[in-house]
Amino acid sequence: MQLADKYSPESIEQKWYDFWIEKNLFHSEPDGREPYCIVIPPPNVTGMLHMGHMLNNTLQDVLMRRARMQGKNACWVPGTDHASIATEAKVVAKLKEEGIDKASLTREEFLRHAWEWKEKHGGIILNQLRKLGASCDWERTCFTMDEARTAGVLKVFVDLYRKGLIYRGVRMVNWDPSAKTALSDEEVIYKESNGKLYYLRYKLEGSEEYIVVATTRPETILGDTALCVNPNDERYKHLKEDARVIVPLVGRSIPIIRDEYVDVEFGTGALKVTPAHDVNDYMLGEKYGLESIDIFNDDGTINDKVGLYVGVDRFDCRKQIEADLTAAGLMERVEPYTNNVGYSERTGVAIEPKLSMQWFLSMEELAKPATKAVMEDVISFVPAKYKNTYRHWMENIKDWCISRQLWWGQRIPAYYLPKGGYVVAESAEEALKLAQEKDASLTMADLRQDEDVLDTWFSSWLWPISVFDGIRYPNNPEIEYYYPTNDLVTGPDIIFFWVARMIMAGYEWRGERPFKNVYFTGIVRDKLGRKMSKQLGNSPDPLDLIAKYGADGMRVAMLMSTSAGNDVMFDEALCEQGRNFCNKIWNAYRLINMWEEDSTIAQPEAAKQAIAWFDEVMRERIERVAHDMEQYRISEAFTELYRLFWDDFSGWYLEIVKPAYQSPIDGETLACTKHYVDQLLRLLHPFMPFVTEEIWQDLKPEADVCSIVIAREPKAERKADEKILARFALAEEVITAIRNMRKQKNIAQKEVLTLRYIADENYPAEFEAVITKMANLKAVEPTTEKDPAAAAFIVKTTQYFVPMEGSIDKEAELEKLRADLEYAEGFLASVMKKLSNERFVQSAPEKVVMNERAKQADAEAKIAALKAQIEALS
RNA sequence: GGGAGCAUAGCUCAGCUGGUUCAGAGCAUCUGCCUUACAAGCAGAGGGUCAGGGGUUCGAAUCCCUUUGCUCCCACCA
């Protein structure tokens with residue numbers, strides 16, 4: 001086959017992906033082999049691929065493809081998440097564009113629109129993953145809200161309810177006034193905001209005295225039902241036990257209560273208490289039996305409870321109240337103030353603490369086995385530093401608010417009865433049966449299902465089980481075979497949302513961990529260190545990058561810059577490097593492909609030597625890569641292979657065995673070289689699937705294996721011979737020294753030279769042919785005498801001379817030699833200092849001391865050689 | 001307020017149980033090459049007080065303390 005001189009990914013990637021699908025190489029069914037399974041962190045069904053997905057899925061694909069090549073039954077389950085709030089918000093926005101108000105629709109109508117939207121946009125993201133080369137088992141694609149998953153969720157809800165872990169009640173929750181739903185604590189993000197601290201005057205009833213109260217939220221005075229001071233505060237000791245104050249503007253009379261909760265140091269030491277709109281105030285309200293006045297509508301506007309500012313948005317109201325208080329002389333002063341305000345993770349609006357009726361899941365018992373599993377490394381976290389974070393959260397876990405006031409999601413399977421009370425069941429039919437046990441006269445029409453849906457994470461926490469339908473059918477062969485899964489690759493930002501809860505669910509419904517290892521990736525940042533975001537516009541479209549540099553190039557960029565738990569500073573230059581590497585691989589193959597075999601010619605000595613060496617290099621590198629991968633040092637593993645291919649194979653091996661232009665190559669060398677290419681491609685394939693497949697298919701080393709996807713990973717049958725590697729390194733040094741000399745003395749590479757050496761044990765005689773070829777020498781000769789007319793250098797302890805035509809610059813040579821000598825002597829001195837230290841010799845391990853003695857011997861030999869050369873020259 | 005982590009070449013980072021693979025890699029820079037696989041390349045070179053200070057040790061980039069600077073997580077005194 002004629003190959004183009006540049007690798008062009010666009011023409012081959014689709015071809016091979018289609019081929020893999022056609023051959024069904026990514027599909028897995030339970031069989032006798034060892035399973036290797038990853039469940040994908042399901043992206044939002046209507047989402048688009050971003051750089052974070054790229055990183056995450058590249059890593060997963062590397063793990064998958066490697067396991068597959070190890071002969072395991074590899075199964076990567078893809079899917080999407082219905083993402084209740086995010087998707088509902090998108091659908092609402094889209095309807096609004098069309099002039100449709102959500103409020104004007106029935107639940108059924110809205111859901112029809114939502115499903116339509118899902119059918120249209122859902123799955124785009126999964127197609128994008130194919131472009132990356134993701135080897136998912138697409139036949140297994142799941143959706144958190146499809147039939148099987150939904151049935152599982154309902155079953156779990158009923159199960160937890162019957163176990164008494166799910167309860168319903170009025171609690172202070174995080175209210176999102178934009179999405180008009182409650183949120184879990186995890187969905188609230190606290191950010192420092194520049195606000196103001198307002199000092200308001202509360203007039204003491206029956207007196208002209210004012211009590212000044214500091215607050216950041218003056219609009220909540222509408223809901224004030226008490227004022228609170230610390231009982232030990234001298235400033236307020238004069239107040240009567242039953243003293244009352246008048247809420248400014250509102251005119252309501254409220255009691256003054258005394259509680260040590262109030263910080264004397266803060267503000268004026270007086271606190272206004274609004275039980276409906278502040279968590280701490282709520283607790284005070286409970287304690288002292290205060291009235292709770294909810295002043296907000298669900299959308300954050302003021303309701304008509306008080307009759308003031310009705311319908312005004314909370315932030316407008318704050319401004320108006322500030323003005324009105326000032327006008328009424330009730331505003332003492334206003335100070336700038338920085339405090340933390342909670343915002344909704346999804347809609348970005350400020351959260352309103354709100355009392356409301358919600359469903360909760362009691363977490364304490366669920367957390368126990370899950371905490372233990374991680375702390376005892378039954379499930380191991382990579383990097384381990386996240387164990388602490390995890391433990392802290394788990395040990396202080398709060399009940400999970402699982403109800404959402406949305407329509408897009410799994411509807412809570414609770415059915416209310418006409419005369420009060422409710423039943424919980426997986427279906428309306430079962431609910432009716434339960435209801436009829438209470439009251440035989442009830443009919444379906446009497447049941448009213450709860451309006452709320454469940455938190456999205458209430459379905460994703462079952463993911464490793466539910467993708468195999470293991471909730472509904474806990475003994476089915478699939479779940480028995482694939483569960484527990486092996487690795488989970490995800491970001492640390494969802495450690496609480498998802499990872500922790502999956503672990504809890506795993507133990508609750510399988511009595512077993514859901515996965516063995518969790519690999520936490522970092523966040524992808526731009527080269528300035530900023531998080532990539534739509535708002536900043538600093539996030540490149542990954543598909544553009546793939547189009548420009550190829551999927552393999554893109555994958556390399558991700559791999560080069562990542563290590564577990566560390567953020568990725570993304571720079572497009574990395575993609576370029578990735579693309580260049582593809583091209584390097586391509587051209588190395590092109591070279592080999594051009595060679596013409598002549599089985600009658602003898603194998604050159606240099607080629608024999610190169611093969612002897614490269615066999616060991618392969619062994620060593622295979623082992624190192626395996627070792628790195630075991631520890632999830634994926635970036636390091638890849639870098640090893642990058643250097644192996646580029647430096648060792650292309651830079652050294654190929655240059656050594658390369659026949660002269662248009663000369664044929666001997667059969668044995670060609671066969672060996674092709675074997676190396678085959679091995680290298682296999683090693684690289686998990687990282688760079690497309691380019692390796694393209695070349696492998698051309699090479700066809702195994703007639704009965706249709707794709708490199710299912711070819712076996714190379715193994716080192718024994719440990720590498722360290723001595724051969726070390727000896728070759730000496731030869732490399734000699735070659736480099738000669739090249740250096742050419743450069744310094746302006747001798748063209750083409751000009752052939754002679755090398756003389758004074759033989760000793762550090763002369764790599766077994767690689768003499770390599771040296772001859774790579775340094776372009778006409779002869780290599782042993783000698784016993786120093787040649788003053790030659791350029792000289794020393795490698796380890798061996799002296800080398802390159803006779804020069806014409807004179808050499810004696811002074812320059814001498815200067816260099818003297819500098820070397822000085823360095824060597826300094827080095828020897830530091831070694832001797834250690835060795836003459838009795839305590840060192842006594843306390844250091846024998847190996848270390850031996851090493852120092854070897855250093856001493858080497859340094860002494862080198863010094864002797866240097867001195868000899870200096871003498872010969874001067 | 002509590003906790004965790006980071007600081008090594010211009011940039012991004014390795015450096016695993018303290019000791020010859022200890023000061024490294026890639027990118028960038030500089031020099032010389034369009035040498036018939038690859039200029040998306042080849043051959044070379046320069047560049048670091050391992051954040052500052054102290055300690056432990058025969059020996060510290062590595063362990064301990066401390067200062068400074070940055071990042072993240074948790075908590076939320078209005």
Side-chain angles (χ1 to χ4, degrees), chain A residues 3 5-7 185 190 197-198 213-217 220 228 261-268 270-274 278-281 337 339-342 383 385-389 392-393 396 492-493 495-496 522-523 527 529 549 553 560-563 565-571 573-574 576-595 627 631 633 635-636 639 642-643 650-651 654-655 658 660-662 722 725-726 729 736 739-740 742-744 746 748-750 776 831 833-834 837-845 847-849 851-852 854-855 858:
Chain A
L3 300 173
D5 67 347
K6 292 258 192 301
Y7 171 65
D185 294 342
Y190 287 90
L197 192 57
Y198 303 84
V213 175
T215 179
T216 54
R217 302 199 57 192
T220 62
C228 188
Y261 164 75
V262 177
D263 182 356
V264 179
E265 304 293 319
F266 189 88
T268 60
L271 171 75
K272 64 192 251 346
V273 184
T274 321
D278 183 279
V279 185
N280 297 302
D281 291 12
Y337 187 70
N339 67 337
N340 275 335
V341 177
K385 65 178 177 186
Y386 289 111
K387 281 165 73 176
N388 281 330
T389 313
H392 182 259
W393 189 76
N396 297 285
D493 49 331
I495 187 168
F496 308 135
I523 295 165
K527 57 180 167 182
Y549 301 103
M560 303 226 45
S561 52
T562 180
S563 65
N566 288 336
D567 289 355
V568 176
M569 299 294 170
F570 181 78
D571 186 338
L574 290 166
E576 210 174 310
Q577 201 182 338
R579 178 200 60 181
N580 294 356
F581 186 41
C582 292
N583 199 45
K584 186 72 188 177
I585 297 171
W586 181 256
N587 273 292
Y589 181 64
R590 232 178 105 225
L591 172 68
I592 295 158
N593 197 50
M594 268 176 204
W595 289 343
H627 184 248
Q631 297 173 282
R633 297 159 64 92
S635 181
E636 284 81 352
T639 306
Y642 179 92
R643 304 236 296 266
S650 301
L654 286 181
E655 290 299 333
K658 181 159 86 176
Y661 180 53
Q662 288 189 332
E722 299 281 343
L725 294 171
T736 303
R739 284 173 177 168
N740 222 332
R742 284 178 188 274
K743 172 114 176 161
Q744 278 168 8
N746 246 326
Q749 177 63 29
K750 285 175 196 155
N776 196 21
V831 172
K833 198 178 156 196
K834 275 191 205 174
N837 183 334
E838 233 172 84
R839 297 176 69 184
F840 168 76
V841 179
Q842 275 172 9
S843 37
K847 220 173 118 186
V848 174
V849 178
N851 244 324
E852 290 300 315
K855 272 156 78 176
D858 279 357

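Just so we're on the same page: letters track the sequence lines, and every chain starts at 1. What you are looking at is a predicted structure, and each value in this text was computed from that prediction instead of being measured.
Using a 4.0 Å cut-off, some side-chain N or O of A:N566 falls inside it from OP1 or OP2 of B:rA14. Put simply, A:K6 has a side-chain N or O that comes within less than 4.0 Å of OP1 or OP2 on B:rA39. Listed pair A:Y337 / B:rA78 meets the phosphate criterion, a side-chain N or O lying under 4.0 Å from OP1 or OP2. Residue A:R579 places none of its side-chain N or O atoms closer than 4.0 Å to OP1 or OP2 of B:rA40.
Between B:rG44, B:rA40, B:rA78, one nucleotide has an atom nearer to the side chain of A:Y261 than all others, and that is B:rA78. Taking the side chain of A:T215 as heavy atoms from C-beta on, and the options B:rA37, B:rA78, B:rG26, the nearest nucleotide is B:rA78.
Using modelled atom types, one finds no donor on one side chain facing an acceptor on the other under 3.5 Å when comparing A:R590 with A:N593. Between the side chains of A:Q577 and A:Y549, no donor-acceptor pair is found at a separation under 3.5 Å. Side-chain contact annotation: A:K272 with A:T274, donor-acceptor N/O pair under 3.5 Å present.
Straight-line distance from the CG atom of A:N746 to the C1' atom of B:rA43: 13 Å, rounded to whole Å. A:D263 places its CG atom 10 Å from the P atom of B:rC77, with the value rounded to the nearest Å. Atoms CG (A:D567) and C1' (B:rA7) sit 15 Å apart, rounded to a whole Å.
Taking atom P in both B:rG10 and B:rC30, one finds a spacing of 16 Å when rounded to whole Å. Separation of the C1' atoms belonging to B:rU57 and B:rC64 is 12 Å when rounded to the nearest angstrom. Straight-line distance between the C1' atoms of B:rA7 and B:rU36: roughly 49 Å, to the nearest whole Å. Rounded to a whole angstrom, the distance from the C1' atom of B:rA9 to that of B:rA61 is 14 Å.
In RNA chain B, consecutive stretches of 3 or more Watson-Crick or G-U wobble pairs with both distances under 3.5 Å are given as paired ranges: B:1-7 with B:68-74, B:10-13 with B:24-27, B:29-33 with B:41-45, B:51-55 with B:63-67.
A donor and an acceptor atom never sit less than 3.5 Å apart when one is taken from the side chain of A:D5 and the other from the base of B:rC38. In this model, a side-chain donor or acceptor of A:E655 finds a partner on the base of B:rA37 within 3.5 Å. Judged by distance alone, with hydrogens and angles left aside, A:K834 brings no side-chain donor or acceptor close enough to the base of B:rC58 to form a pair under 3.5 Å.
Within 4.0 Å (heavy atoms only), A:K750 reaches no atom of the nucleic acid at all. A:V262 comes within contact range of at least one nucleobase, with a heavy-atom separation under 4.0 Å.
Using a 4.5 Å cut-off on side-chain heavy atoms (C-beta onward), A:R217 and A:D278 make no contact.
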